[in-house]
Every structure is written in C-alpha cells, then in structure tokens.
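Below is one structure, written out as structure tokens; the observations come after it.
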Protein chains: 2
Amino acid sequence: MTPGATNLLGIIADALPTLNKSEKKVASVILADPEKATQSSIAVLAVAAGVSEPSVNRFCKKFNAKGFPDFKLKLAQSVVSGIRYVSQNVAAEDDVGSYTGKIFDSTITNLALVRDKLCLDLVDRVVDKLIQARRVYFFGLGASSAVAKDAEHKFFRFNLPVSFHEDVLMQRMLASAGTTGDVFFIISYTGRTRELVESATLARESGATVIGLTAPNSPLAKVCHLAIEVAVPENTDEYMPMTSRIVHLVVLDVLATGVTVRRGPEFQPYLKKIKDSLKSTRYATDD
Amino acid sequence: MTPGATNLLGIIADALPTLNKSEKKVASVILADPEKATQSSIAVLAVAAGVSEPSVNRFCKKFNAKGFPDFKLKLAQSVVSGIRYVSQNVAAEDDVGSYTGKIFDSTITNLALVRDKLCLDLVDRVVDKLIQARRVYFFGLGASSAVAKDAEHKFFRFNLPVSFHEDVLMQRMLASAGTTGDVFFIISYTGRTRELVESATLARESGATVIGLTAPNSPLAKVCHLAIEVAVPENTDEYMPMTSRIVHLVVLDVLATGVTVRRGPEFQPYLKKIKDSLKSTRYATDD
DNA sequence: GAAAATTATGAAATAAAATTACATTTTTGG
DNA sequence: CCAAAAATGTAATTTTATTTCATAATTTTC
C-alpha cells in the first residue's frame with residue numbers, strides 16, 4: 001500500500017519486502033485474514049505461520065507495539081477503518097459476493113491511497129482561487145461529465161457562482177471569452193482528452209485561472225495553473241469499473257468543504273435556507 | 001451515544017442504568033477513558049474501578065466478549081469508530097488537513113459499512129432484471145441526478161439499452177408509457193422526493209419493473225419491486241457533503257460489473273471496441 | 001422485620017498466554 | 001570453509017486472565 005500509510009495493515013504491506021523469512025510468514029498470515037489474527041493467541045498464530053512464538057513476538061515489536069496483545073489491539077483498529085489490502089481484479093468466474101467485495105475494496109483502497117498523497121497545500125490554494133472567483137466553470141466529458149455535473153450541484157448549494165458544461169463547443173466559447181477572475185475547473189481522468197486540453201489552453205490564454213483535476217504529468221496538468229493530480233492505478237481489467245470518478249468526487253467534496261469552512265459560520269444561515277427550500281418537495285418523515 | 005448503538009461504547013453507555021454497583025464502577029472507568037482502558041491489564045482496571053478482577057471479567061462477558069482481552073479488542077475498535085464518529089463532522093476551526101482527512105475517512109467508513117451490509121441476493125436479482133430489460137431508464141433529481149447520469153454512461157459502455165432523465169415531466173411521461181420489459185431505475189438518497197415516488201408509482205402501474213436505490217423503508221422503497229436500500233447516516237452538520245452519492249455510485253459499479261460478469265467473456269470484444277473508439281480523441285501516452 | 005433465598009462480590013488457586021534468556025541453527029562475508 | 005553475525009527456536013519465567021468457591025450484600029417471603 002502507500003508508502004507512509006498511517007494504518008497498521010498498510011504499514012505491514014509496505015514493509016513486506018524488507019522482512020526476513022519468518023517475519024514474512026507472519027506478515028502474510030496476518031494480511032491474509034487480519035480479523036482472524038486479532039482473535040488468535042500468539043501460539044495459534046505462530047502455528048499458522050509455521051514459526052515459533054518469540055518470532056511472532058519480535059514481529060510485533062518491529063511494528064512499534066509493546067508486545068503481542070498491543071499489536072492485536074492496533075491491528076483490530078486498523079481492520080475497523082475498513083481498508084482491506086487484498087483486492088484483486090474481478091474475474092469472469094466471480095460470484096456476486098466476490099465481485100461486490102472486490103469493487104468496494106478497491107474503491108476504498110484507492111481513496112485511502114489518495115487521502116495519504118493529496119497535497120494539502122495545493123488544496124488550500126485551489127480553495128483560495130474558488131472563493132475569489134467571479135465565476136467558476138466546471139468542464140468534463142464522458143465519465144467526468146457526471147463528476148462535473150455533481151460539482152456544479154454541490155458548489156451551487158454552497159452559493160458559488162458556478163456552471164457546468166459538457167458541450168465541447170460551449171466549452172471552447174466560454175474558454176475563449178474568459179477573463180481575469182474566471183476560474184475554469186477542468187476534470188479529466190486521463191488528462192489526455194484533446195478537446196479539454198485545448199479548452200484549457202484557450203482559457204489560459206484569455207487570462208482566466210485554469211484548475212485541473214486529472215492525472216499526474218498529463219498534457220492537461222501541464223496547461224493548468226493549478227493541477228490536483230490524482231494517481232489512481234490504471235484498470236488492467238476490463239471488468240473493473242473506474243474508481244477515479246469516485247476519487248474525483250471526494251476531492252471535490254473536500255474543496256467544497258474547504259470553501260465553506262473558509263467562509264466561516266456567518267454563512268450557515270444560507271445553507272439552511274437552501275435545505276429548507278427542498279423540504280416542500282419531500283414526503284414528511286414518519287417520526 | 002444513540003440508543004441501539006452498534007458500537008461497544010454506545011452499548012455500554014446505554015446499559016449503564018441496568019448495571020449493578022460494581023459493574024457501574026467498571027463502566028464509568030471505561031467510559032471516562034476508553035483508550036486508556038484498552039491499554040490496561042485487568043488488574044490495573046480493577047484497581048482503578050475499585051473492584052476485584054473477577055468483577056471486571058464478568059463485566060466483559062456481560063457485553064458478549066469471550067473474556068477481558070476480547071473485550072479490549074472490541075473496545076479498541078469502538079474507540080476508533082467512536083472517535084471518528086465524534087470528530088467526523090467538520091468543524092469551523094478545522095484546517096485543510098483535518099477536514100480533508102475527515103471527509104476521506106467518513107467516505108471510506110461508510111463504504112465499508114455498506115459493503116458489509118449489502119444484500120448480495122438482491123444485487124443478483126437486480127442484475128437479472130437489468131440483463132433481461134428491453135430498456136432501462138435511470139431517474140434522479142438533485143444530487144442523484146449526477147449519479148443517474150453516471151449510471152447511464154457506465155451502462156451504455158456495457159452495451160445496455162439505457163437512458164437517463166432528470167426532467168420531471170419526461171420522467172412522468174416515460175413512466176406512464178412503460179411496458180413489461182422496461183426497467184425504471186430510480187435513485188434517491190432520501191427516498192422521499194415526491195416527484196420520484198410518483199413516477200415510480202406510475203411506472204409500476206403501467207406494468208414495468210421498478211428498481212430503487214434509496215433509503216431503507218422510505219416511500220420510494222415501498223413502491224419499488226426491488227429496492228437496494230442503503231443506510232448512510234444523515235449528516236447532521238451543514239459542512240459535510242453527502243457521502244450517499246458516493247455509495248450509490250459504487251453500488252451502480254457493482255451492478256454494472258454484475259451485468260458484465262454474467263454475460264461472460266464473449267462480450268469482451270465489445271468493451272474493447274468502445275475503448276478503442278475513444279483513442280482518437282486523446283493525446284498519445286508518453287511511454 | 002427476621003429467616004431464607006437469591007444475587008453480587010472478592011480471595012485464592014488455577015490455567016492460559018506472553019515474554020525473556022539463552023542455545024541452536026542459518027546466513028553472510030572473507 | 002570458517003568465523004562472525006543474524007535469525008530462529010526451546011524452555012523457563014513472568015505476567016495476565018479465568019475459574020472455583022467462600023463470603024457478603026441484597027432481595028424476597030412469610
């Protein structure tokens with residue numbers, strides 16, 4: 001898992017290559033079924049791994065635990081956080097349970113990955129730009145079009161002057177007409193969609209601020225003033241859906257939250273007003 | 001903590017009035033500093049509570065633990081989720097790092113929660129319906145509109161006859177005109193949006209199959225033939241964006257994958273064709 | 001309101017689990 | 001191939017948890 005992972009399972013997975021023979025045995029038994037490991041005694045675990053009890057004990061101390069019980073405690077907490085490190089690709093012979101688990105797990109894993117890697121300073125700067133913007137345009141195509149649409153909805157609720165465009169011609173026209181104070185927020189998983197890169201370039205030339213949510217070192221990232229670069233491993237497998245969309249949505253959640261937090265509490269009444277306006281469209285709750 | 005809490009700390013807090021003298025002592029010591037309790041031995045905890053060791057042990061067994069170590073394990077897990085739960089909401093004084101972490105963590109936690117609760121049998125049945133459908137309509141409004149749009153995009157890639165509608169009038173017309181073989185897939189976080197519930201009712205009356213992705217026991221869920229009920233805790237806090245969207249998207253990923261897996265490998269060439277058709281719109285990769 | 005029954009609690013013994021000290025084996029580098 | 005270092009295991013020790021049983025507190029019943 002990610003280098004610098006904060007959770008024990010991730011740390012163990014990271015350290016795997018640096019461990020010696022018996023430690024590797026212990027690690028793989030734990031990684032294979034962390035939950036079971038938390039419920040085993042040191043003796044049981046030692047037998048399962050085919051090593052002696054002191055080896056297990058030494059293993060625990062290596063990972064900054066006071067001893068085996070303390071290690072189990074930390075492991076149990078790590079298990080709770082929901083991250084399982086054994087996600088593989090979906091296979092043709094998978095049953096419902098398998099592919100459901102795999103998809104959830106890989107989504108969760110990727111989120112955890114990005115959480116640990118996201119540049120906070122950059123988030124802060126993007127939030128700055130969004131707050132100062134006279135107007136924000138969200139552009140996306142294909143799968144990212146739904147992401148951009150979601151962003152529009154969310155930021156509108158947070159009372160930012162936003163709009164969303166999935167029409168390539170509209171995107172070009174708006175980009176060309178951009179001025180200082182306009183922010184173009186361009187979302188693309190690959191960062192290689194020609195139309196979007198061109199719109200970004202136009203927007204930049206017209207003096208607007210261009211922000212990208214995209215792949216590291218992609219053509220799009222290079223054109224942007226600020227690029228939030230999200231590296232989600234490519235899907236080697238045709239079955240596996242793109243988790244990048246999800247990660248992008250969560251990053252946008254973070255940005256929206258950043259905007260709201262920065263604005264402070266005097267902004268709260270506005271949010272309530274929007275929420276209340278939706279009430280009449282709903283059936284009352286039972287209780 | 002809420003009554004009926006699933007987490008150990010909540011359960012203990014709930015049970016407090018029903019406990020006898022020494023059990024109360026133990027409970028209050030644990031509740032006062034759960035984290036410390038997880039790191040204490042039974043002897044230390046007994047002294048801290050002013051009771052004997054067997055009393056502590058009995059206390060643990062009362063809460064469905066095998067013994068003291070097992071209890072500590074569960075407590076440790078409860079502390080993690082509890083702390084997350086308590087500090088989950090974004091506060092006005094949070095800095096970038098805090099709110100970023102909180103949003104990622106709560107998203108991850110909710111995904112893990114739903115992963116473990118999702119009814120696999122239901123997923124299987126919904127996949128069945130989707131495969132057999134003559135036509136699938138995705139309906140959503142507000143935040144769920146972007147989710148429905150994403151679903152259209154994804155299922156279209158998987159060559160299902162799908163369309164997405166966010167126009168209430170279109171939704172009503174299509175629902176009224178539905179026939180056997182049509183599937184109406186209606187997405188709503190609350191399950192209480194009047195327009196969607198009405199469309200669902202119309203669709204059902206016209207003989208089509210109605211599938212919902214929504215809240216448990218909501219009006220919408222009741223109208224549907226099949227309802228995938230996703231319980232994501234309400235955000236009490238105005239700052240926090242809805243994680244339900246994310247969970248819905250992942251559930252739709254699961255369904256799309258189910259459809260593809262069920263169709264088997266002879267369907268693969270089609271997926272490749274779609275993928276290839278997008279190539280010419282992109283800049284070549286560097287490597 | 002006192003005796004019996006029930007329940008709660010703790011002391012001590014027992015059992016289980018984890019840790020340590022040290023011996024043996026394996027690996028590494030000359 | 002040998003010596004030094006590292007890794008691993010055996011067995012003793014220590015720590016920790018659990019059970020048993022006796023005692024104390026509480027409740028119930030007449």
Side-chain angles (χ1 to χ4, degrees), chain A residues 8 11-79, chain B residues 8 11-79:
Chain A
L8 184 54
I11 294 170
I12 295 173
D14 277 353
L16 208 57
T18 72
L19 300 175
N20 54 37
K21 228 185 291 175
S22 60
E23 287 170 341
K24 263 203 192 82
K25 287 186 204 164
V26 177
S28 54
V29 169
I30 291 171
L31 289 174
D33 194 346
E35 195 131 23
K36 192 175 167 191
T38 61
Q39 288 165 353
S40 310
S41 71
I42 193 167
V44 170
L45 199 71
V47 170
V51 300
S52 70
E53 297 180 26
S55 289
V56 176
N57 195 267
R58 280 188 284 263
F59 177 89
C60 297
K61 287 184 175 165
K62 194 154 197 164
F63 289 95
N64 298 316
K66 283 185 224 136
F68 182 72
D70 186 47
F71 177 85
K72 282 207 294 187
L73 228 64
K74 287 177 175 162
L75 189 62
Q77 293 182 322
S78 171
V79 167
Chain B
L8 185 54
I11 294 170
I12 294 172
D14 279 351
L16 208 57
T18 72
L19 298 176
N20 56 37
K21 229 185 291 175
S22 61
E23 286 169 342
K24 264 203 191 79
K25 287 186 203 163
V26 177
S28 55
V29 170
I30 291 170
L31 290 173
D33 193 346
E35 194 129 23
K36 191 175 167 190
T38 62
Q39 287 165 353
S40 311
S41 71
I42 193 167
V44 171
L45 198 71
V47 171
V51 299
S52 69
E53 297 180 25
S55 289
V56 176
N57 195 265
R58 280 189 283 265
F59 177 90
C60 296
K61 288 185 176 164
K62 194 155 197 162
F63 288 95
N64 298 316
K66 284 186 221 133
F68 182 72
D70 186 46
F71 177 86
K72 281 207 294 187
L73 225 66
K74 287 177 174 161
L75 188 63
Q77 294 183 322
S78 172
V79 165

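Just so you know, these numbers come straight off a predicted model, no measurement behind them. A, B, ... follow the sequence lines: proteins, then strands. Residue 1 opens every chain.
Here the side chain of B:K21 is nearest to one of D:dT18, D:dA25, D:dA7, namely D:dA25. The nucleotide whose nearest atom lies closest to any side-chain atom of B:I42 is, among D:dA17, D:dA11, D:dT19, D:dA17. Distances were taken from every side-chain heavy atom of A:P54 (C-beta onward) to each of D:dT8, D:dA17, D:dA11; the shortest belongs to D:dA11. Which of D:dT16, D:dT19, D:dT8 sits closest to the side chain of B:K61 comes down to D:dT19.
Contacts of B:K25 with the nucleic acid, taken as non-hydrogen atoms under 4.0 Å apart, are absent. Residue B:V56 is classed as having no contact, given no heavy-atom separation below 4.0 Å to the nucleic acid.
A pairwise comparison of heavy atoms in B:E53 and B:I42 identifies O-CD1, 3.7 Å as the closest pair. In terms of heavy-atom proximity, B:D70 sits nearest to B:K66 at OD2-N, 2.9 Å.
Listed pair A:S55 / D:dG9 meets the phosphate criterion, a side-chain N or O lying under 4.0 Å from OP1 or OP2. The side chain of A:N20 contributes an N or O atom lying less than 4.0 Å from OP1 or OP2 of D:dA7.
No side-chain heavy atom of A:Q77 sits under 4.5 Å from any side-chain heavy atom of A:L8.
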When you look at A:F68 and A:F59, which way does the ring pair (Phe, Tyr, Trp, His ring centres under 6.0 Å) test go after all the steps? CA-CA 9 Å; A:F68 182 72; A:F59 177 89; 9.8 Å; no
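Taking 4.0 Å as the cutoff to heavy atoms of chain A, we find the contact window on DNA chain C bounded by C:dA18 to C:dT27.
A donor-acceptor distance shorter than 3.5 angstrom exists from the side chain of A:K24 to the backbone of A:L19, with no hydrogens or angles considered.
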